[in-house]
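Following: one structure in structure tokens, then a few remarks.
For clarity, every value in this text was computed on a predicted model and none was experimentally measured. The residues of the chain are indexed from 1 along the displayed sequence.
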Amino acid sequence: GVALATAAWLERGSGRGARAGTPPARDSAVVELYRRGVRGYDTRRPEGTLEAIAAFSAALRRDSTYGEAWAGLAKAYIRSYERAFTIPGVSQDSALRLAVVAVERAQALGRNNADSWLTQAIVSRHIDPTGRTLSLRAARRAVALDSTNAVAWHVLALGLMETGDFEGALRAWRRSVAADPAYTQGLGFLGVAHMWRRTYDSAITWVDSVIAVDPNYLLGWSYVGQVETERGNLTRAAAGYAAATRLASDVERVNNMAGSALVEARAGRRARARAMLRAVDSLAARYEPPPVHLAVFVAQAHAAAGDADAAMRWLGRFAPSGDLHFQLHLRCDPTFDPIAADSRFRALLLGERPPPTRGCR
């Protein structure tokens, strides 16, 4: 398929370097391919990510000096790697290597380009998932070069949150949505951060603003499910996860089915929750190793249904356990409260999990 051809072509490398100074004028058809790639990437769905890879690759076949398209291609490959989206003809490990090749091209073409540094920050998160020094450095370089880059502020915020700087993370997420009030990920993570702080009414205000901006945004509906579950508004939580499942495919569908099972367990319908979880476990078993959110959400649903052993089995399947994003969920997700005192859960934690009355700070 196109991804395999792109992979072979990328590994060879192509094109010539761009001259310093003013950016070259781009052919309008190439720019439109780039914009199509951005739109696909921004959906955060498997099919949108595939479309992004195809569009960025097509743009680069026409103009290999297009640094932003190299950066876009790197981000799309990283998305597929991070979330276990299937790319025909490309293994998960290859997706990471292709992202590295692409970001190196982006950096070579524009060392003073904020987007190339943002992309380096995103790639660095996955080269060493247990450290954030290089990712944070690149994200800070990106916002220093362009303080209006909402995505760079988001990546900086996430790295700060993962390394324990909650207040710094909140400030950076606020900068993200100030730079672009319609940036769904920045809005959504402000909601999630308030959920981690256990200020659920603030959390739902931010999360509702995500689906007001984009009613088709899959993760926005997942956030509704998560926050409304913690608020105890289980009817709307169920509706949020159901909407996300309808919008989802591939691994995202399984994530949100686990969310629906979690709501059933919270509502006291444990037999129904366990029946749903048998289907979820069967579907989720195809992903080996499981991506971080699959391991987390399936474990949380089992914990809510009263099966700590199954929850711990799912958490034990994720590697490396020192992955800082995995650790962030273990430390801050209120949904892990039912197993937070379990010695096996505590053994996985690298840092302290705050008491439920306090939440992450």
query = Looking at P291 and V251, what are the two nearest heavy atoms and their distance?
reply = CG-CG2, 4.0 Å
query = Which heavy atom of G225 sits nearest a heavy atom of T229, and at what distance?
reply = O-OG1, 2.6 Å
task = Tell me, yes or no, whether the heavy-atom count around E167 atom CD, taken from other residues, nucleotides or ligands under 6.0 Å, exceeds 12.
result = yes
Neighbour count >12 (heavy atoms, 6.0 Å) for atom CZ, R35 = no
Regarding [X] and [Y], do their side chains bring together a donor and an acceptor under 3.5 Å, going by distance alone?
{"X": "D93", "Y": "S91", "result": "no"}
{"X": "E68", "Y": "N113", "result": "yes"}
{"X": "T163", "Y": "D165", "result": "no"}
{"X": "S135", "Y": "R132", "result": "no"}
{"X": "D333", "Y": "T335", "result": "no"}

For the backbone of [Y] and the side chain of [X], can you confirm whether one donor and one acceptor N or O come within less than 3.5 Å of each other?
{"X": "R253", "Y": "T245", "answer": "yes"}
{"X": "E230", "Y": "P334", "answer": "no"}
{"X": "R361", "Y": "R358", "answer": "yes"}
{"X": "S124", "Y": "Q120", "answer": "yes"}

inquiry  = Considering only residues two or more places apart or on different chains, which pairs with a residue in residues 177-193 satisfy side-chain hydrogen bond (donor to acceptor under 3.5 Å, both in side chains)?
reply    = Q185-Y217, Q185-Y223
ask   = Pick from F297, W196, F345, F326: which one makes a ring-ring contact (aromatic ring centres under 6.0 Å, His included) with F336?
value = F345
ask   = Are Y81 and V292 in one and the same hydrophobic cluster, where Ile, Leu, Val, Met, Phe, Trp and Tyr link if side-chain heavy atoms are under 4.5 Å apart?
value = no
inquiry  = Please list all pairs meeting salt bridge (charged side-chain N to carboxylate O under 4.0 Å, His left out) that have one or both residues in residues 275-290, counting only residues at least two apart or in different chains.
reply    = E288-R317
message = Ring-plane angle category for W173 and H154, please: parallel below 30°, perpendicular beyond 60°, tilted otherwise.
response = tilted
query = Under 30°, 30 to 60°, or over 60°: which ring-plane class applies to H325 and H293, parallel, tilted or perpendicular?
reply = perpendicular
key: OH on Y41 to CD1 on I78, rounded to 0.5 Å   = 9.0 Å
key: Distance, nearest 0.5 Å, that separates CG of L109 from OG of S116   = 9.0 Å
inquiry  = Before you tell me yes or no, could you show the steps for S94 and R97 under side-chain hydrogen bond (donor to acceptor under 3.5 Å, both in side chains), namely the whole-Å CA-CA distance, both residues' side-chain angles and the distance that decides it to 0.1 Å?
reply    = CA-CA 5 Å; S94 295; R97 289 195 296 274; 3.2 Å; yes
inquiry  = Does the Lys NZ or Arg CZ of R79 fall within the cation-pi geometry relative to F85 - under 6.0 Å from the ring centre and within 45° of the axis?
reply    = no
